[in-house]
Amino acid sequence: MGTEPNRLSSSDRFSVLIAILIAISAIVGAVVAWRAAVSDDRAGDGDFAGVAATLNSARTNATSAVNAFQAHAQYLQYREAFLLRTALERDLLALPAESNQRPILEAELRRMRDVQSAYEQNLDYRFIRRDGTFDVARYMAEKRADAARAQDLNPAPAFAEADAFRHKTAMLLATGIPLALSLVFLTFAEILSHGWRRLTFVLGTLALLSGIVMLIAIELTVR
Amino acid sequence: MSAERIKKLNTVLIALVTLAISGIALLQNDAAARNAQASRDFQRYGVETFGQQVVGEARLNFDMHSVTDAFDLYTLLENAARKVGDEAAARRYREVIEALRPASPLLSGQFGNPEEAVNPIPYVADLYVRAVTENQERFSAALAVKGRWGTKVNAYIAQLTLLAVALFLFGLSATLNLQRVQVAFTALGATIAVVALTWTTWTFTRPIFDLRDYESAIADYAEGQIALLSGEFDTSIAAFSRALSATDGQYGNAYLARGRAYFAKGDPLEAIVDLEKSLTFEGVPPQTQSVLAWAYYNAGQVEQAERVYRTGVERLPNEIWLRFDHGLSLMTLGRVQEGEAAYRIGMDQAIALVAKAAATSSAPPSELWDALDDAALQLDTLRDTIDGQPGIIPREKIGTPEAVRPAAVALSTQLKSLSVSLEYTGKPPAAPLSAQVTVLETGLPIYDDLDRITDATPAVNFPAGVSEVALQLEMMGMTPGAEILIKVFQNNGELTGYRALLTWAGGATGRLWHGLRASQNLEFALEAGLYRVQVYINGQLAGETAFTVGTA
């Protein structure tokens, strides 16, 4: 007597289909969790890069400001000596040869020449404008430009990237809601009978499909 | 209920709780993201503020010291040259002065005549103080927001855990055969789920106040701080009030700042209202309590002051100045022994702090010297009030003044000697003072040909414009090499530029003339006000006097 192969009833096949869909929903849920974790990590990296760029920028500004004003102060000292020297030379020329002021002024002039020479050693004429003033803004801008070649000084792009990935994480986790809804509907489809069973099955399948579509769309939009 | 129905119910409940979990996970993630964003922001504000401060200070340092000091120096040289009739030299200096003008906005005339006095506060405000103050507020706001979102994150995690427990109970119920137990587990799981979901709703609906959403309030706060720096108390109070009104009274720092402004204006009662209010906010610095206590004291509410100081001392036991302020409130209440004990603890802490700094080759904080000087000054003021002079609080508020007065005098002397002895030797005074100052007088100096003071016309009230006050000391019991220290105080602080440390080269008795001058150049006049002079011999207080300089 031959054995007849076990045939599944339509109700059993329906149950198997529901079980498969629940399993798919669970797997998609796991993928969503994985992608959300990766996105959250990228957001954290963006924050870190932004804070590092802020630190670079602040340090560059502080260092260049301290150096710029030191250079400006040095230039002022040079300029004071230069003005006094030229004024002394002018006054000496106007002084009668026999004036008893002459040796005093000559000594003062020698001192001023020495002072001027001393300050002149470290002067950078590139930052001195035609009108004799010191260009602090150019000094600081040049130092900042030099620093920008070696390190990131602009935190805005990194912060924007961090925010984009944080938004992506939130959207991915929002995908969990249709997936969880699909679980609810498919569970109802398993428990309920007849008309309700088909309706909840359709709703569950739609929720699952929308979850999958959302996941793919989000992944394609924000990379 | 049949076992099959319970099983179905459990299945439905598991599905619903799973749905709830996915929703709460979304909320938790949102809260965590905002927490991370606030964390990033507060770090960013902190770094930016630091950078702005350094750049601003570098610029100000250049303006004040490289440019203004040079401007003052050449102005002085020009005046001196003109005084001796050297017009050519005066002209040379004038040329340098004019060349210096473009180097700093402070010399532009916009902030007052630079040849008389400039008011740097509006310049400094625009240079960096406003930006730094605003960023500091954003920093504090981001820190507070981080804390609040952190609390929400933790709450959501706890709720998710509760829902996980509920899921476990539903699952357990489905595996059991005993129907009663099944029902009990399902009911317990459902109850836990309802509690968790109610809590979630409460957490979600709690609003999070973020000061950064009220930029105008932050700007008003900065404006108030700048006005406070300028001594424009009404403008400052109005600015803080605008900040409070814009935030619907949710701005704790603005209450604190307005309280300080009211206090500075001389209205301690209004200050108390704001300071008390500020203490209801999280993140307010612990020192606020002592500010409040001092406001109570100034308002004559000494019992409340003592109570708040006591709490402050319990919270911050190592703050020496707090110990002294507590001691002062106790003394004022007439609780002399307790007051003396509080001062003694503070003095012992000061000795230990200096010894510890010496042992580690570091230095104690400068606040220590201020605390010791201020404590002595407050006790002197208390003594003066008992003697009938106007003080901080009315005389009738002082309990048992006859017992308080000698104790205040003794403690003040101890504090002054301790301060000097610790500063110069690192140790408290060892032996009692053997030397004596028999005469300590001030007067208008009389000079010899070398501009040395040889005599003085005795006076304690000097006219405006006086450039030097002579101090005459007659001493006995002196030993050669003894150190004489002269300290001068005006208002509440020491004028450290007047401090002089002299070495006695005479015999056991003798006289010493010392000139108190604002500058080596006698063109500079002493500022108007009350000056208190203290004389120390070998680190111990030997005499005190005072004089006044009138206003022009």
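Numbered from 1 within each chain, the chains take letters A, B, ... in sequence-line order.
Atoms CD and CG, from B:E87 and A:D91 in turn, are 11.5 Å apart once rounded to the nearest 0.5 Å. To the nearest 0.5 Å, atom CZ of residue B:R44 and atom CZ of residue A:F159 are 5.5 Å apart. Here the straight-line distance linking atom NZ of B:K8 with atom CD of A:E190 works out to 9.5 Å at 0.5 Å rounding. Distance NE2/A:H72 to CG/B:D63: 9.5 Å, rounded to 0.5 Å. With rounding to the nearest 0.5 angstrom, the OG atom of B:S22 is 7.0 Å from the CG atom of A:L181.
Nearest heavy atom pair, residue B:A15 against residue A:T187, reads CB-OG1, 4.0 Å. Smallest separation of non-hydrogen atoms from A:L105 and B:R92: CD2-NH2, 3.5 Å. Of all non-hydrogen atoms in B:G51 and A:A58, the two that sit nearest each other are CA-CB, 4.1 Å. Of all heavy-atom pairs between A:A62 and B:V54, the closest is CB-CG1, 3.5 Å. The minimum heavy-atom distance linking B:L19 with A:I177 is given by the pair CD1-O, 3.9 Å.
The shortest side-chain heavy-atom distance between B:Y74 and A:E80 falls under the 4.5 Å cut-off. The shortest distance between side-chain heavy atoms of B:V96 and A:R79 does not fall below 4.5 Å. Residues A:L55 and B:Q43 fail the side-chain proximity criterion, which asks for heavy atoms closer than 4.5 Å.
The local environment of CZ in A:F14 is crowded, with over 12 non-hydrogen atoms from other residues, nucleotides or ligands closer than 6.0 Å. No more than 12 heavy atoms of other residues, nucleotides or ligands sit less than 6.0 Å from atom CZ of B:F204.
Between chain A and the options B:T49, B:T18, B:V47, B:D41, heavy-atom pairs under 4.5 Å are most frequent for B:V47. Ranked by heavy-atom pairs under 4.5 Å with chain A, the first of B:A99, B:S66, B:A33 is B:A33. When each of A:G176, A:G50, A:A180 is scored by its heavy-atom pairs under 4.5 Å with chain B, the top score falls to A:A180. When the candidates A:L83, A:L84, A:T60 are compared by the number of heavy-atom contacts under 4.5 Å with chain B, A:L84 comes out ahead. Comparing A:T86, A:T54, A:T63 by heavy-atom pairs within less than 4.5 Å of chain B, the highest count is held by A:T54. For the set A:L183, A:L172, A:T169, the count of heavy-atom pairs under 4.5 angstrom toward chain B peaks at A:T169. In terms of non-hydrogen atom pairs under 4.5 Å with chain B, the most contact-rich of A:T133, A:L88, A:D40 is A:L88. If you tally non-hydrogen atom pairs under 4.5 Å between each of B:V67, B:V12, B:D30, B:I21 and chain A, the highest count goes to B:V12. With chain B as the partner, the residue from A:D131, A:L186, A:L173 showing the most heavy-atom pairs under 4.5 Å is A:L173.
Only the backbone of B:A25 has a heavy atom closer than 4.5 Å to any heavy atom of chain A. The part of A:V51 that comes within reach of chain B is its side chain, from C-beta onward, which places non-hydrogen atoms under 4.5 angstrom from that chain. Using a 4.5 Å cut-off between heavy atoms, A:Q74 does not touch chain B at all. Heavy atoms closer than 4.5 Å to chain B are found in both the backbone and the side chain of A:D47. Contact annotation for B:R59: both backbone and side-chain heavy atoms come within less than 4.5 Å of a heavy atom of chain A. Contacts of A:F82 with chain B are absent, with no heavy-atom separation under 4.5 Å from either backbone or side chain. If you measure heavy-atom distances from A:F69 to chain B, the contacts under 4.5 Å come from both the backbone and the side chain.
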Begin from the C-alpha positions of A:Q101 and B:D86 and carry the test side chain to side chain contact (heavy atoms under 4.5 Å, CB included) through to its verdict. CA-CA 10 Å; A:Q101 285 283 302; B:D86 189 349; 4.2 Å; yes

List the steps and the verdict of side-chain hydrogen bond (donor to acceptor under 3.5 Å, both in side chains) for B:Q37 and A:D163. CA-CA 8 Å; B:Q37 227 163 1; A:D163 289 343; 2.9 Å; yes

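Under the side chain to side chain contact (heavy atoms under 4.5 Å, CB included) rule, B:F62 has a single partner from A:L76, A:V136, A:V66, which is A:L76.
The pair B:E95-A:R90 meets the salt-bridge criterion, with a side-chain N (NZ, NE, NH1 or NH2) lying under 4.0 Å from an Asp/Glu carboxylate O.
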